[in-house]
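Notes follow the structure.
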There are 2 protein chains.
Amino acid sequence: MAHSDTVTRILDAAEELFAEHGFSETSLRSITTKAGVNLAAVNYHFGSKKALIQAVFSRYLSPFYKRIASSLDHYEKVKPDGLLSIEEILGYFARAISGVSGGDRRRLAIFMRLLGLAYNQGQGHLRKYLQNEFKADYERLMVFFNKATPELLPQERFWRFHFMLGSAAFTLSNMEHLRAIQQDEFEVQCTEEDVLELLQPFLAAGIRAKK
Amino acid sequence: MAHSDTVTRILDAAEELFAEHGFSETSLRSITTKAGVNLAAVNYHFGSKKALIQAVFSRYLSPFYKRIASSLDHYEKVKPDGLLSIEEILGYFARAISGVSGGDRRRLAIFMRLLGLAYNQGQGHLRKYLQNEFKADYERLMVFFNKATPELLPQERFWRFHFMLGSAAFTLSNMEHLRAIQQDEFEVQCTEEDVLELLQPFLAAGIRAKK
DNA sequence: AAATGAGTTAAACGTATGTTTGAAACAGAT
DNA sequence: ATCTGTTTCAAACATACGTTTAACTCATTT
């Protein structure tokens, strides 16, 4: 089928270029050239560049949130009080992130970078789109997070949640770059999953910190 | 003197617009209009848009690193073993950040946002420029950081340092936005310094986390 | 075999960008 | 008052961008 092939090729090319250069810095011409399709194809199939950006995110985030949601489903059954530890919550996130790419390291790196960019380059329309699209899942998750941190004041919880988010977004966003530096400096290889493993105790300790 | 007035007006306008919209998304025309100067003035005084971006950063980072350096000078004398706690190091950073704006809240917010952007939107040339410009200060600082965390393996230290950096960069970068959300959600005001105060124990605990 | 309609294509459109130009305005020194 | 070097200015330049158009292809339907 000609249709979905072109659409897929555009999405594949777009996500790579967006991840590498950012949104504003990636032109439709570079995307369509890389995809081997005609320039007009983007506007024909997606309507606009904005819509293409949203489509790139949706392709990753839909399965990602499905995984999160089914984890939450499972734990609402197993633990009716909704009491999960921070480590458990972070663990589900790490596994959901690793999971969406189905073991493909290249796609995992791209997804991480896009997740980071969503927070840093998200110019208005992207933030609003993602907020509306995944609002329900987000709020469900926050219930668990609140219950996992009963000792925090609401404001402390708010800020620490975003400290955590920032650390994760930055790390994911610069994952490839940082791994390259590490390789240079220590001559040690480590996988994306290794980094996520290192990140979890750091974040959990931060959330639990006594003031 | 006509010269330095124009230069200053351009820098003032540029830093505000960069902080608000990012680098690629800010045109020279919007900068010169806001500054009330002729479009050609940017290329006349700075040479190019890239050079203007670098100049905006230098104006903030030079005094910032001077403050850090003089703190380190002081502590190399007082504590010849170079043994500072993480809390002390973070405290100097927080004070150096607050200090460069000289109590001006607006400039503080801009500086924080720019610091965040430097890590997230820094497209090649900016990163290289900053690395070369402040390499010596950075390496001096790392000596203190290494001594403050003797229990960490070099690789753990590497990653935790960047987890910390990410958290800080994200928080600074989105400071205004996050404070607005907090105001909406909890009807509580808090200052930029308050947030930096909250951030420190979070980071320190993360650095110290047991694996 | 003709008609339909979705998909593709090359070309053009209008606009916005960073940069350059050459003349005008201005300051300070001679 | 004249010269000199610097700064400002309106205008133009060349290029890149997202988007639109209209002709064309081609499988599917009638």
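Here is how names work: the chains are called A, B, and so on, in the same order as the sequence lines, proteins then strands, and each is numbered from 1. Predicted, not measured: the structure shown is a model, and the values here were computed from it. The figures here come from the full heavy-atom set of this structure, side chains too, leaving out hydrogens, waters and symmetry mates.
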Indicate whether the side chain of B/Y138 and that of B/Y65 have a donor and an acceptor atom separated by less than 3.5 Å.
no

Please determine, by modelled atom types, if A/Y60 and A/E15 share a side-chain donor-acceptor pair under 3.5 angstrom.
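Yes, a side-chain donor-acceptor pair sits under 3.5 Å.
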
Please report the distance, rounded to the nearest Å, between [atom1] in [X] and [atom2] in [N].
{"X": "B/I10", "N": "D/dC9", "atom1": "CD1", "atom2": "C1'", "answer": "13 Å"}
{"X": "A/L39", "N": "C/dC13", "atom1": "CG", "atom2": "C1'", "answer": "12 Å"}
{"X": "A/K49", "N": "D/dC17", "atom1": "NZ", "atom2": "P", "answer": "8 Å"}
{"X": "B/L17", "N": "C/dT17", "atom1": "CG", "atom2": "P", "answer": "12 Å"}
{"X": "B/R29", "N": "C/dT20", "atom1": "CZ", "atom2": "C1'", "answer": "12 Å"}
{"X": "B/K50", "N": "C/dG18", "atom1": "NZ", "atom2": "C1'", "answer": "12 Å"}
{"X": "B/D5", "N": "C/dA27", "atom1": "CG", "atom2": "C1'", "answer": "15 Å"}
{"X": "A/N38", "N": "C/dT8", "atom1": "CG", "atom2": "C1'", "answer": "6 Å"}

Tell me whether the side-chain N/O atoms of B/T6 come closer than 4.0 Å to OP1 or OP2 in D/dT7.
no

C/dA16 phosphate, OP1 or OP2, under 4.0 Å from B/S27 side-chain N/O:
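Result: no.
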
Less than 4.0 angstrom from a charged side-chain N to a carboxylate O is my criterion; do B/R140 and B/E76 meet it?
yes

Can we say B/E20 and B/R113 salt-bridge, meaning some charged N sits less than 4.0 Å from an Asp/Glu carboxylate O?
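Answer for the salt bridge query: no.
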
Looking at [options], which one has an atom nearest to any side-chain atom of [X]?
{"X": "A/Y44", "options": "C/dT19, D/dT8, C/dT8", "value": "C/dT8"}
{"X": "B/A40", "options": "D/dT19, C/dT19, D/dC9", "value": "D/dC9"}
{"X": "B/H45", "options": "C/dT8, D/dG18, D/dT8", "value": "D/dT8"}

